[in-house]
Protein chains: 2
Amino acid sequence: MSISTELPSTHNHSNCINAALTMATQLCVERGVQLTSIRQQVLELIWTNHHAVKAYDLLERIKPLQSAAKPATIYRALDFLMAQGFIHRVESLNAFIGCCDLKTAHEQLLLICKQCKNVEERHADVVMQALVQELQNANFIAHSKAIEIQGICENCSQTLNTEIPA
Amino acid sequence: MSISTELPSTHNHSNCINAALTMATQLCVERGVQLTSIRQQVLELIWTNHHAVKAYDLLERIKPLQSAAKPATIYRALDFLMAQGFIHRVESLNAFIGCCDLKTAHEQLLLICKQCKNVEERHADVVMQALVQELQNANFIAHSKAIEIQGICENCSQTLNTEIPA
DNA sequence: AATTGATATGTTATATTGTAACAAATTAAC
DNA sequence: GTTAATTTGTTACAATATAACATATCAATT
Ligand SMILES: [Zn+2]
Ligand SMILES: [Zn+2]
Ligand SMILES: [Zn+2]
Ligand SMILES: [Zn+2]
């Protein structure tokens, strides 16, 4: 049985990368903060694909570019990128993904595929509305929300379903 | 300014402890699994209060009872208790809490108070319904769901609000 | 009661993830 | 250019988690 580990062929990932880097560059100018080369390299490495990336994997990957890189190098860059909203932390994986929507502040619903490892970020406005109501009912003042679903994505389940037993 | 770190006085926590241990004992018998003394001790330690507990804190706390305890001792007990649904892992804290409803399988919405550290588990049926619909829209097959909200709980915000500036 | 298989625990070592603290370098503002 | 703020380098370590294998306990079967 073959296993899909890719996004649909309709997906042009260079668009994702370009959009993320362009927006990040622009937002940093607007905000008067510095997208230094280390920070940009980490952001690019995170955008290699739609997988969540671990900090120490980033460290290995950035070493050819930044031979002096240490854990703090990566964690500082990640802190910056999170503070700017360019990436999200995936709590249930201790890993990080690029944010797909830099234009609007938003809460994230993350769909984490156990098979292909892709993480999809969805707005899920209806869910968020219900959640806001529930938090009001509980008189709970939310500072941050993490909604993470693990399972099998559409692409992977289709690939499995169309698989013909030999 | 005083800071509340307690639950409302209406809360009788010994009820929580008794219910959790009684149900766990009963369910282990029904399921033919063993609630060994280590596992029961870990469960009791988790139920000390409604805070999320870290694995290495549990390790320190169990050592007077189990002098040979090592990390594996704790993590094995935690694995068992999670598999039985007696506790939940709080992904955003790398910590663990006792489950408040052992009778029915359920997804958890966790409200994590940054101030008093209490974690409240709510069923939030409306949110879960909306989430199920969203997952259907996405054709995503969910295996597990983690919804974790960090902020300030009702009790803490009331305590702050009623505080009179000197 | 001894044998056996399954489950649970003991033990050592190590892997993984994340921070603290301070020095040096770079950048921005004046 | 000098100063102040920010960023990076560097060392050391803290915190979280698992692998691997030995030993012990338990439960059922001879
Ligand atoms: Zn893409
Ligand atoms: Zn997938
Ligand atoms: Zn209680
Ligand atoms: Zn609170």
Side-chain angles (χ1 to χ4, degrees), chain A residues 24-25 27-43 45-46 51-84 86-97 117 146 148, chain B residues 24-25 27-43 45-46 51-84 86-97 117 146 148:
Chain A
T25 303
L27 288 171
C28 283
V29 172
E30 288 176 10
R31 295 169 186 173
V33 295
Q34 303 174 48
L35 189 61
T36 64
S37 64
I38 288 180
R39 290 165 177 175
Q40 177 165 343
Q41 284 163 3
V42 170
L43 185 57
L45 288 172
I46 288 176
H51 296 192
V53 197
K54 305 220 148 219
Y56 277 74
D57 287 345
L58 289 170
L59 179 55
E60 290 313 304
R61 292 206 226 154
I62 208 175
K63 273 183 178 166
L65 305 168
Q66 300 283 343
S67 56
K70 300 277 185 313
T73 313
I74 297 298
Y75 282 104
R76 284 165 177 162
L78 292 171
D79 285 345
F80 172 85
L81 295 171
M82 281 193 290
Q84 298 301 322
F86 300 162
I87 64 173
H88 299 299
R89 181 180 160 83
V90 185
E91 300 289 355
S92 56
L93 298 178
N94 292 341
F96 304 85
I97 56 163
K117 310 299 183 192
E148 303 182 4
Chain B
T25 303
L27 287 170
C28 283
V29 173
E30 287 177 11
R31 295 170 185 174
V33 295
Q34 303 173 47
L35 189 61
T36 63
S37 66
I38 288 179
R39 290 164 177 177
Q40 178 165 344
Q41 284 164 2
V42 169
L43 184 57
L45 288 172
I46 288 176
H51 296 192
V53 197
K54 304 219 150 222
Y56 277 73
D57 287 344
L58 289 170
L59 179 55
E60 289 313 303
R61 292 205 227 154
I62 208 175
K63 273 182 178 167
L65 306 167
Q66 301 283 344
S67 56
K70 301 277 186 314
T73 313
I74 298 298
Y75 281 104
R76 283 165 178 162
L78 291 172
D79 285 345
F80 172 85
L81 296 170
M82 281 193 289
Q84 298 301 321
F86 300 162
I87 64 173
H88 300 298
R89 182 180 160 84
V90 186
E91 300 289 355
S92 55
L93 297 178
N94 292 340
F96 305 85
I97 57 163
K117 309 299 182 193
E148 302 182 5

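Within every chain, numbering begins at 1; the chains are lettered A, B, ... in the order of the sequence lines, protein sequences first and strands thereafter. As the structure is a prediction and not an experimental result, all values here were calculated from the model. Excluded from the calculations below are hydrogen atoms, water molecules and symmetry mates; all remaining heavy atoms, backbone and side chain alike, are included.
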*Asks:* Pick the nucleotide of DNA chain C nearest each of B:Ala72 and B:Asn94; which residue has the one closer to the 5' end?
*Replies:*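 By nearest-heavy-atom nucleotide position, the 5'-most residue is B:Ala72.
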*Asks:* With the side chain of B:Gln34 defined as its heavy atoms from C-beta on, choose the nearest nucleotide among C:dG18, D:dC26, D:dT8.
*Replies:*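 The nucleotide sitting nearest to the side chain is D:dC26.
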*Asks:* So which nucleotide from C:dT17, C:dC22, D:dA17 ends up closest to the side chain of B:Ala55?
*Replies:*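 For the B:Ala55 side chain, the nearest candidate turns out to be D:dA17.
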*Asks:* Taking for each residue the nucleotide of DNA chain D with the nearest heavy atom, is it A:Phe80 or A:Tyr56 whose nucleotide lies nearer the 5' end?
*Replies:*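 Nearer the 5' end of the strand: A:Phe80.
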*Asks:* Nearest whole angstrom, please: distance from the C1' of C:dG10 to the CD1 of B:Ile74.
*Replies:*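 B:Ile74 atom CD1 is separated from C:dG10 atom C1' by 14 Å.
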*Asks:* Do A:Leu58 and A:Leu78 have side chains that approach each other closer than 4.5 Å (heavy atoms only, starting at C-beta)?
*Replies:*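 Side-chain contact under 4.5 Å: yes.
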*Asks:* Within the structure, does a side-chain N or O atom of A:Tyr75 lie under 4.0 Å from either OP1 or OP2 of C:dG18?
*Replies:*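 Answer yes for this pair, as a side-chain N or O of A:Tyr75 is under 4.0 Å from OP1 or OP2.
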*Asks:* Take atom CD of A:Gln84 and atom P of D:dT6, then tell me their distance rounded to the nearest Å.
*Replies:*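 Going from A:Gln84 (CD) to D:dT6 (P), I get 13 Å.
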*Asks:* With a cut-off of less than 4.0 Å, is there a side-chain N or O of B:Arg39 near OP1 or OP2 of C:dT9?
*Replies:*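 Yes, because at least one side-chain N or O of B:Arg39 sits under 4.0 Å from OP1 or OP2 of C:dT9.
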*Asks:* Would you kindly give the CG-to-P distance between A:Leu59 and D:dT8, to the nearest whole Å?
*Replies:*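 After rounding, the gap between these two atoms is 15 Å.
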*Asks:* Please tell me if A:Thr36 has a side-chain N or O lying less than 4.0 Å from either OP1 or OP2 of C:dT26.
*Replies:*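 So the side-chain polar atoms of A:Thr36 never come under 4.0 Å of the phosphate oxygens OP1 or OP2 of C:dT26.
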*Asks:* For B:Glu91 and C:dG18, give me the distance from atom CD to atom C1', rounded to whole Å.
*Replies:*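 Computing the B:Glu91:CD to C:dG18:C1' distance gives 17 Å.
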*Asks:* Exactly one of B:His88, B:His51, B:Met82 should register a side-chain contact (heavy atoms from CB on, under 4.5 Å) with B:Phe96. Which one does?
*Replies:*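 Per the side-chain contact (heavy atoms from CB on, under 4.5 Å) rule, the option paired with B:Phe96 is B:Met82, out of B:His88, B:His51, B:Met82.
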*Asks:* Under 4.0 Å: is that the gap between some side-chain N or O of A:Lys54 and OP1 or OP2 of C:dT17?
*Replies:*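 For C:dT17, OP1/OP2 do have a side-chain N/O of A:Lys54 under 4.0 Å.
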*Asks:* Would you compute the distance between atom CD of A:Glu91 and atom CZ of B:Arg89 and round it to the nearest 0.5 angstrom?
*Replies:*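 Going from CD on A:Glu91 over to CZ on B:Arg89, the span is 10.0 Å.
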*Asks:* What nucleotide among D:dA17, C:dT11, C:dT9 has an atom nearest to a side-chain atom of B:Pro71?
*Replies:*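 Shortest atom-to-atom distance from the side chain points to D:dA17.
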*Asks:* Can you check the B:Leu78 CG to D:dT18 C1' distance for me, whole Å?
*Replies:*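 Value for this atom pair: 13 Å.
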*Asks:* What about B:Arg76, does its side chain sit under 3.5 Å from the base of C:dG10 through a donor-acceptor pair?
*Replies:*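 Such a pair exists between side chain and base.
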*Asks:* Taking side chain as C-beta onward, heavy atoms only, is B:Phe80 less than 4.5 Å from B:Thr36?
*Replies:*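 No, every pair of side-chain atoms sits at 4.5 Å or beyond.
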*Asks:* What distance separates B:Asp57 CG from B:Ile74 CD1, expressed to the nearest 0.5 Å?
*Replies:*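 So the gap between those two atoms works out to 10.0 Å.
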*Asks:* Within the structure shown, what part of the strands sits under 4.0 Å from A:Ala69 by heavy-atom distance: base, sugar-phosphate, or nothing?
*Replies:*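 Result for A:Ala69 = nothing.
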*Asks:* Among the candidates D:dA17, C:dT12, D:dG9, find the nucleotide nearest to the side-chain atoms of B:Lys70.
*Replies:*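 That would be C:dT12.
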*Asks:* Do you know which of B:Leu35, B:Leu43, B:Val42 makes side-chain contact (heavy atoms from CB on, under 4.5 Å) with B:Arg39?
*Replies:*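 Of B:Leu35, B:Leu43, B:Val42, side-chain contact (heavy atoms from CB on, under 4.5 Å) with B:Arg39 is met by B:Leu35 alone.
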*Asks:* Using only side-chain N and O atoms of B:Arg89, determine if any of them is under 4.0 Å from OP1 or OP2 of D:dA17.
*Replies:*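 For D:dA17, OP1/OP2 do have a side-chain N/O of B:Arg89 under 4.0 Å.
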*Asks:* Write down the distance between CD (A:Gln40) and P (D:dT7), rounded to a whole number of angstrom.
*Replies:*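 Result: 15 Å.
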*Asks:* Over how many whole Å does the gap from A:Asp79 atom CG to C:dA20 atom P extend?
*Replies:*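 Atom-to-atom, A:Asp79 to C:dA20, this comes out as 10 Å.
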*Asks:* Can you tell me the distance, in whole Å, between the CG atom of B:Leu93 and the C1' atom of C:dG18?
*Replies:*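 It works out to 15 Å between those atoms.
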